Amino acid sequence: MKRFSLPKLINIFFMLLLMGSLIFACKQKKDNNIVFEQTVNFENDNWDFTHRTLEFTAHITDTVSPHSIEMELKYGDDDERVDMMPVSFSITSPDGGKTSVSSAFVFVEQEDVPDFTNKAKQLSGTQIRSLYSKKYFNRSGDYHFRLNRHSDKFDNYNIQSLTLRVIRLPE
């Protein structure tokens, strides 16, 4: 068994401490840049048709920095879920101005993926979709976000939650 000298052990300790600090600092920086985050959990893992529209309100004060807006969908693997779920997203600013964008969540068919992937997918999955990669808010105040699911007139089973995030981008 190889023995380490005291100076080598001290160097290893400080290297590990430095790497841990850097990892923690990077995580903190990302968390500090999240301006708004809200999660909607769907009862019984069912995004039902009667609640197809989700509304959020965020108080935005930074009118200088660019922001990204993303949505994160958590789901389980289920044959009853649709293959593709188109959504539209609109932002109403404090002065009443409105912008809109469309996106979609696409779910891979079970028979289209290899067996090893098939087994791994059966527990759950997450998809993150960027709605705006670079968005400027030109007025300080309350912004109203509206997400509307267009997929069908039925419930979407095994959809666990949807999270909307507004993230300040570094300049």
Side-chain angles (χ1 to χ4, degrees), residues 15-76 81-108 121 123-171:
M15 293 259 289
L16 289 173
L17 184 66
L18 178 64
M19 287 189 325
S21 299
L22 287 174
I23 290 170
F24 181 73
C26 290
K27 173 86 172 125
Q28 287 293 95
K29 178 110 172 111
K30 182 182 178 196
D31 289 347
N32 289 340
N33 286 333
I34 295 176
V35 175
F36 174 80
E37 181 175 52
Q38 185 175 345
T39 300
V40 175
N41 294 305
F42 300 110
E43 189 175 325
N44 299 322
D45 293 346
N46 175 21
W47 189 355
D48 64 334
F49 184 71
T50 58
H51 297 102
R52 69 188 172 277
T53 301
L54 304 175
E55 296 192 18
F56 306 89
T57 301
H59 187 73
I60 308 289
T61 56
D62 185 350
T63 60
V64 177
S65 304
H67 295 77
S68 70
I69 301 175
E70 65 184 29
M71 56 184 174
E72 177 181 343
L73 187 74
K74 291 191 179 186
Y75 59 92
R81 188 184 54 243
V82 296
D83 298 330
M84 185 170 137
M85 185 174 17
V87 295
S88 62
F89 180 75
S90 65
I91 302 172
T92 305
S93 64
D95 66 353
K98 193 172 186 179
T99 59
S100 297
V101 68
S102 295
S103 187
F105 291 104
V106 179
F107 302 101
V108 178
K121 257 189 89 189
L123 295 176
S124 64
T126 299
Q127 284 190 43
I128 297 177
R129 290 285 180 253
S130 176
L131 296 165
Y132 289 91
S133 58
K134 196 172 196 178
K135 170 79 174 157
Y136 287 90
F137 295 100
N138 53 5
R139 298 227 185 315
S140 180
D142 288 338
Y143 282 81
H144 300 283
F145 303 124
R146 183 181 177 122
L147 181 73
N148 193 23
R149 185 191 94 201
H150 295 288
S151 59
D152 49 41
K153 293 188 177 186
F154 302 101
D155 295 351
N156 278 345
Y157 295 100
N158 224 12
I159 304 293
Q160 298 160 355
S161 66
L162 185 131
T163 301
L164 182 70
R165 276 186 210 92
V166 178
I167 304 164
R168 181 180 304 110
L169 299 173
E171 294 186 60

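This is a predicted model, so every value here is computed, not measured.
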Trace of the side chain to side chain contact (heavy atoms under 4.5 Å, CB included) decision for F36 with L164: CA-CA 8 Å; F36 174 80; L164 182 70; 4.2 Å; yes
Check: N148/T53 side-chain N/O donor and acceptor closer than 3.5 Å: yes
Interatomic spacing from CD in Q38 to OG1 in T163 - rounded to 0.5 Å: 9.0 Å
Closest non-hydrogen atom pair, T63 against R139: CG2-C, 3.6 Å
Atom pair CZ/CG of R168 and N32 - distance to nearest 0.5 Å: 9.0 Å
Crowding at CG, N44 (>12 non-hydrogen neighbours, <6.0 Å): no
H51 NE2 to N46 CG distance, which is reported to the nearest 0.5 Å: 10.5 Å
Value rounded to 0.5 Å, distance of CD1 in I167 from CG in N33: 8.5 Å
Spatial distance of atom CD (E72) from atom CZ (R165) [nearest 0.5 Å]: 4.5 Å
Sub-4.5 Å side-chain heavy-atom contact between I69 and V101: no
Shortest non-hydrogen contact from S65 toward L169: CB-O, 4.4 Å
Heavy-atom closest pair, residues H59 and D142: ND1-OD1, 2.9 Å
Side chain to side chain contact (heavy atoms under 4.5 Å, CB included) between S103 and M71, worked out: CA-CA 10 Å; S103 187; M71 56 184 174; 3.9 Å; yes
Intermediate values then yes/no, side chain to side chain contact (heavy atoms under 4.5 Å, CB included), E55 and T57: CA-CA 7 Å; E55 296 192 18; T57 301; over 6 Å; no
Pairs involving residues 125-135, ordered by first then second residue, that meet salt bridge (Lys or Arg N to Asp or Glu O under 4.0 Å) (sequence neighbours left out): none
Aromatic ring pairing F145/F89, orientation class (parallel under 30°, perpendicular over 60°, tilted between): parallel
Heavy-atom closest pair, residues Y75 and T126: CE2-N, 3.8 Å
Sub-4.5 Å side-chain heavy-atom contact between H67 and D62: yes
OG-CD distance between S133 and E70, expressed to the nearest 0.5 angstrom: 11.0 Å
Close side-chain approach of W47 to V40, heavy-atom, < 4.5 Å: no
Shortest non-hydrogen separation from T39 to S161 and the atoms involved: CG2-CB, 3.9 Å
Side chain to side chain contact (heavy atoms under 4.5 Å, CB included) assessment of L54 paired with L162: CA-CA 9 Å; L54 304 175; L162 185 131; 4.1 Å; yes
Exercise: identify the closest heavy-atom pair between P94 and Y143: CD-CZ, 3.4 Å
Under 3.5 Å side-chain donor-acceptor pair for S100 and S90: no
